[in-house]
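Shown next, in structure tokens, is the structure this report addresses.
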There are 2 protein chains.
Amino acid sequence: MRKNPERRQALVDAAIEVLAKEGARGLTFRAVDAAAEVPTGTASNYFSSRDDLLTQAGGRIYERLLPDDETMAQLDVGGQDRAHFARLMHELVDRIMAFNTGFLALLELRLESTRRPELREVVTKRIRADVDQNIANHAASGLPGDSTTVVTLMLALNWLIMERLTLPGLFSEQEAHELVDVLVERLIAR
Amino acid sequence: MRKNPERRQALVDAAIEVLAKEGARGLTFRAVDAAAEVPTGTASNYFSSRDDLLTQAGGRIYERLLPDDETMAQLDVGGQDRAHFARLMHELVDRIMAFNTGFLALLELRLESTRRPELREVVTKRIRADVDQNIANHAASGLPGDSTTVVTLMLALNWLIMERLTLPGLFSEQEAHELVDVLVERLIAR
DNA sequence: TTGACACCACTCCATCTGTAGTACTACGTT
DNA sequence: AACGTAGTACTACAGATGGAGTGGTGTCAA
């Protein structure tokens, strides 16, 4: 088993790409080799099995989906009203949609989780942590709404993003934009 | 190309099963043969290609996800208040989760749509029609809320169902139940 | 010089597709 | 009632693909 950490990470990133493009079932050592532009057989040398590769990809996606520091800083500036809340949510949606590969790959992993308990566990933990962190961030920000606001917003926004990524013809960009506004508006507790 | 309509439908239903269990990439003629418990080669005789099978499955799932007449009738009885609205939504969630195979298969199809424009078109049309019908049903029912209520509810409930089906450990049954109540409560326009 | 790794090549194996060929069944004809 | 025919179920095979794993060679750095 090879050790080179840059190469290993490049392979995991390539695996995410393959997941999004070809689906979970299309994730083969060979496909990853091709996506990472390394010689045939390389992925074989770095991962003991497909499962291994899959779970490592599951762990890695979240690292890349998390907001960067710059974005986090914005949480604090700009007021604590609904308008600012909405602005942040638009930003969130845009950020995730910009890394659409990651979002799609995560969807594939979720579906694959149905078949692999081990993977399910990894993904569940990651997402649980993400939910908790979003709730905590929101609480610290002083923005209106309660923790349920955060959870319900996540539900609706996630599906909206998925809708836009998988069936772009369903909602127009403008409809999607307005839906975000409405969701923020209504989901803030009275 | 064989004609026997019962067999054809049995094969399409088997294809849905395969989609949910093995993913879009796992949908092969052979796998469908096995799921339908018919001899090897049968699916080959009934469908011209994998694409053909895939799109037909896409059309069929929706038939099976639609509420039966009995459920539709319930729309009218039981009042027009929020409590009744919530009851209907719980029923909706339970009904879809009971046919979890169909929901998962539809998710697989959405992801596969990313790669197959033809399939995307079929699925988009179906879902578009479903959204419109839900809006129309709601309007006719006299229940509180506007069309945006319906759309946003669909967004959130769909992701909630997905969460429960793919990562059952994330929300407890009770949390999920309460989320439905909150969503109905808050998404009804003021 | 030695060890780790990149790269390449080759073999084995699983699986899928498409189709040819045979057997069965139902139905209509005479 | 016997027969013929059409459509289908089922079986088996040929051809092709693609992936896994591994051994070997070259290269670079300690």
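Keep in mind it's a predicted model, so treat the numbers as computed, not measured. Throughout, protein chains are lettered first and strands after them, A, B, ... in sequence-line order, and every chain is numbered starting at 1.
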What's the verdict on side chain to side chain donor-acceptor pair (under 3.5 Å) for Thr149(A) and Asp146(A), showing C-alpha distance, side-chain angles and the deciding distance? CA-CA 5 Å; Thr149(A) 302; Asp146(A) 54 15; 2.8 Å; yes

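Under the 30°/60° scheme for interplanar angles, the aromatic rings of His177(B) and His90(B) are found to lie parallel.
Put simply, the side chain of Arg186(A) never gets that close to the backbone of Arg186(B): no donor and acceptor are under 3.5 Å apart. Proximity of a side-chain donor or acceptor of His138(A) to a complementary backbone N or O of Pro144(A) within less than 3.5 Å is detected.
Taking a heavy-atom distance under 4.0 Å as the criterion, the stretch of DNA chain C touched by chain A extends 5' to 3' from dC5(C) to dC8(C).
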Which parts of nucleotides 19-30 of chain D does protein reach within less than 4.0 Å, heavy atoms only, written one letter per nucleotide 5' to 3' as B for base, S for sugar-phosphate only and - for none? SBB---------

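Classification of Arg126(B) and Asp130(B) as a salt-bridged pair fails, no side-chain N sitting under 4.0 Å from a carboxylate O.
For the salt bridge (Lys or Arg N to Asp or Glu O under 4.0 Å) with Asp13(A), the lone residue among Arg60(A), Arg7(A), Arg8(A) that qualifies is Arg60(A).
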For a quick test of your reading: what N or O donor-acceptor pairs under 3.5 Å do the side chains of residues 18-27 of chain B make, sequence neighbours left out?
{"residue": "Glu22(B)", "atom": "OE1", "partner": "Arg25(A)", "partner atom": "NH1", "Å": "3.1"}
{"residue": "Arg25(B)", "atom": "NH1", "partner": "Glu22(A)", "partner atom": "O", "Å": "3.3"}
{"residue": "Arg25(B)", "atom": "NH1", "partner": "Glu22(A)", "partner atom": "OE1", "Å": "3.2"}

